[in-house]
Every structure is written in structure tokens, then in C-alpha cells.
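I have placed the structure first, in the form of C-alpha cells, so that the comments after it can refer back to it.
Model, not experiment: these values are computed from the prediction. What you see below is based on every heavy atom in this structure, not just the backbone, and it leaves out hydrogens, waters and symmetry mates. Just so we're on the same page: letters track the sequence lines, and every chain starts at 1.
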Number of protein chains: 2
Amino acid sequence: MAERTYNISELAREFGVTTRTIRFYEEKGLVSPRREGRKRLFSPADRVRIKLILRGKRIGMSLDECVEVIDMYDPRNNNAEQLQALLQRLRARRAKLLQQKQDIDDMLAGLADVQQLCEKALADATT
Amino acid sequence: MAERTYNISELAREFGVTTRTIRFYEEKGLVSPRREGRKRLFSPADRVRIKLILRGKRIGMSLDECVEVIDMYDPRNNNAEQLQALLQRLRARRAKLLQQKQDIDDMLAGLADVQQLCEKALADATT
DNA sequence: GTTTACGTTTACGTTAACGTAAATATTGGC
DNA sequence: GCCAATATTTACGTTAACGTAAACGTAAAC
């Protein structure tokens, strides 16, 4: 079962980024496409990593942070010490994410108030 | 009722940023402290604006985006056209925020799975 | 056989959001 | 009167995350 591959512009199109961006991610070691001659061949795993990176970016994470989170997924840490360290990072990240959720909810509430006022003003204007 | 004021290092301490950061925000027009001689005197309103800026930053917004959101709060737009434009921006921002919430929930779920595996591995190790 | 479309490397440019350093007031405490 | 703490302005430096341009390879299409 030969795994499906993607070329660079295919992925760029799918995710709405430039090829430069993807090459930059390779430079940074975020993805590691195979080569066919000089051309890059991306695996489904590469594709997922890009997806995860972009998700991280949407919530304001730096590329380094994205890597940190992605790296948490593959458990190449065996001993108890490493596992404890991982748990520590998981807790820290979770706390940040919860804070962000709170911030978003606060902002949503504020904007909802503005929207109310706005719609009321419009209704009053037409009356 | 003389409004309370804050000096720069007071606010910097409260929010865990440097004075440079606050001066930079003034340069950008994000806050407009009064002056007593050369010294800056920040109003409670300035303080709130800084708070809102930092909240925006926590969820990955640029300073320009923070300004955009903050500006939505004060309705110095009267006519229907402006109100419609404001509603448009409100909807756009709301959509972004909801996407971000989704992203956060997805990531939280993923990390919870990792945590499970992690704790299980630790438990198995001690058995 | 030469456009056209896509790929490559190399390398310098750009923007945001401050950091950092230097030189200079101002001010309360001893 | 002087020292330490805190304020100021000016200005150059830094990092992340790409943008952009140049110069080139290659393969299908007409």
C-alpha cells in the first residue's frame, strides 16, 4: 500500500498558504518531505503536521510553540522522568488554553453587547 | 471627584510588562496619558485599554486588531451606514473567535488523550 | 521548439513588537 | 548637598515569519 503523496503547491492551495511558507517550515524542521529528484514529496503525516501548525497559529502560537505541542503527541519518551516532564508541559499548555478560552468568551460577550446596542440604534433610526 | 491616576511603572508592574511596552503603546496611539510636567499620568480608562490590549494579545491578535476591537466599543458612529459597517466587523470578529474556540477545544481534546496515555504508562511502570 | 506551468536554490528585504543602551531630568530621603 | 530611585527622550538593535526577486531546471502542451 504505497502511501499517497502531495506536492508543494497542492498543499499550499489546500491550506491557503504560499509555497514559500511550506519551504520555510521545512527549513525549520517542521516537515520533512522525501525527494524525487529535487522535487518535494509530502506524506500524509507531513500534511497533518502542517494542519496542526496552522491550527496553532490561528490561536496565536509561535512556530516553536506549535512544535512543542506537536511533539507532545508522539511519545518517544519512555522513562518516568520524561513522562513526568511531559505531564508538566501538558498541564501548562492546558492552563494557557483555558485562559485563552476565557479571554475569547469575555470578548464575545463584550461584542454581543455592542451588537445589541448597534441593532437597537438601527431599529430606532428607522422608526 | 478627581479621577484616580496611575504612573507608568505602576501599570507596568500590575500587568507584568515593561515601561517600554507601555510607551510603545502610547507611540502607537493606543493610550493617551495626560502629562504632569514630563511625567505620564494614566487614567482608569487608559488602564482598561491596556488590559483589553493584553487580552487581545493573549489570543494572538496584533496590536492593530486590538485597536479595531477596542474601537468597536465606543459608538462614535451615528448614521446607519456606519452602524451596518460596524455590524459587519462584529460578525467577522465573532466568526474568528468561534473558530479559535473550536481550535482550542480540538487541541485540548488531543492533549487530554496524550495525558491519559501518559498517566497510564506511568501507572503500568510502577506495577 | 518554444511557451507555459511548476519546481528548485540563494539571498536579501520587510514588518511587528518591543529590547536595550545612553544621556538627561526630578524627587524624596539621609 | 548628594545619592538612589524613577522618570524622560532618542535612537539603534533584535527576532519571528515569512515576502520577494533572481536565476535556473524540467516537463507537458501547442
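Here A:E26 does not pair with A:R49 in a salt bridge; the nearest charged N to carboxylate O distance is not below 4.0 Å. The existence of a salt bridge linking B:E27 and B:R20 is confirmed by a sub-4.0 Å separation between a basic side-chain nitrogen and an acidic carboxylate oxygen. Between A:K101 and B:D105 there is a salt bridge, since a side-chain N of the basic residue sits under 4.0 Å from a carboxylate O of the acidic one. Ion pair A:R4/A:E10 flagged as a salt bridge, since at least one NZ, NE, NH1 or NH2 atom sits closer than 4.0 Å to an Asp/Glu carboxylate oxygen.
A:L54 and A:M61 sit in two unconnected hydrophobic clusters of ILVMFWY residues. Membership requires side-chain heavy atoms under 4.5 Å apart, directly or through other members. The cluster map of Ile, Leu, Val, Met, Phe, Trp and Tyr, joined by side-chain heavy atoms under 4.5 Å apart, puts A:V114 and B:L98 in the same cluster. A continuous path of ILVMFWY side-chain contacts below 4.5 Å connects A:L63 to A:L11, so both sit in one hydrophobic cluster.
Backbone-only contact: A:T18 has heavy atoms under 4.0 Å from sugar-phosphate atoms and none from a base.
Under a 3.5 Å cut-off, the side chain of A:E65 and the backbone N or O of A:S62 do form a donor-acceptor pair.
First and last contacting nucleotides of DNA chain D toward chain B (any atom under 4.0 angstrom from a heavy atom, 5' to 3' order): D:dT6 to D:dA11.
For DNA chain D, the stems formed by at least three consecutive Watson-Crick or G-U pairs, with both atom-pair distances below 3.5 Å, span C:1-30 with D:1-30.
Between B:S9 and A:S62, it is B:S9 whose nearest contact on DNA chain D lies nearer the 5' terminus. Mapping A:I8 and B:R20 onto DNA chain C via the closest heavy atom, the residue that lands nearer the 5' end is A:I8.
Proximity of residues 25-46 of chain A to DNA chain D (heavy atom under 4.0 angstrom from any strand atom) is restricted to A:Y25.
Taking both residues in full, the closest heavy atoms of A:R47 and A:Y6 are given as CD-CZ, 3.4 Å, listed atom of the first, atom of the second, then distance.
A donor-acceptor pair shorter than 3.5 Å can be found between the side chains of A:Q115 and A:E119.
The interatomic distance linking A:L11 (CG) with C:dG7 (P) rounds to 10 Å, in whole Å.
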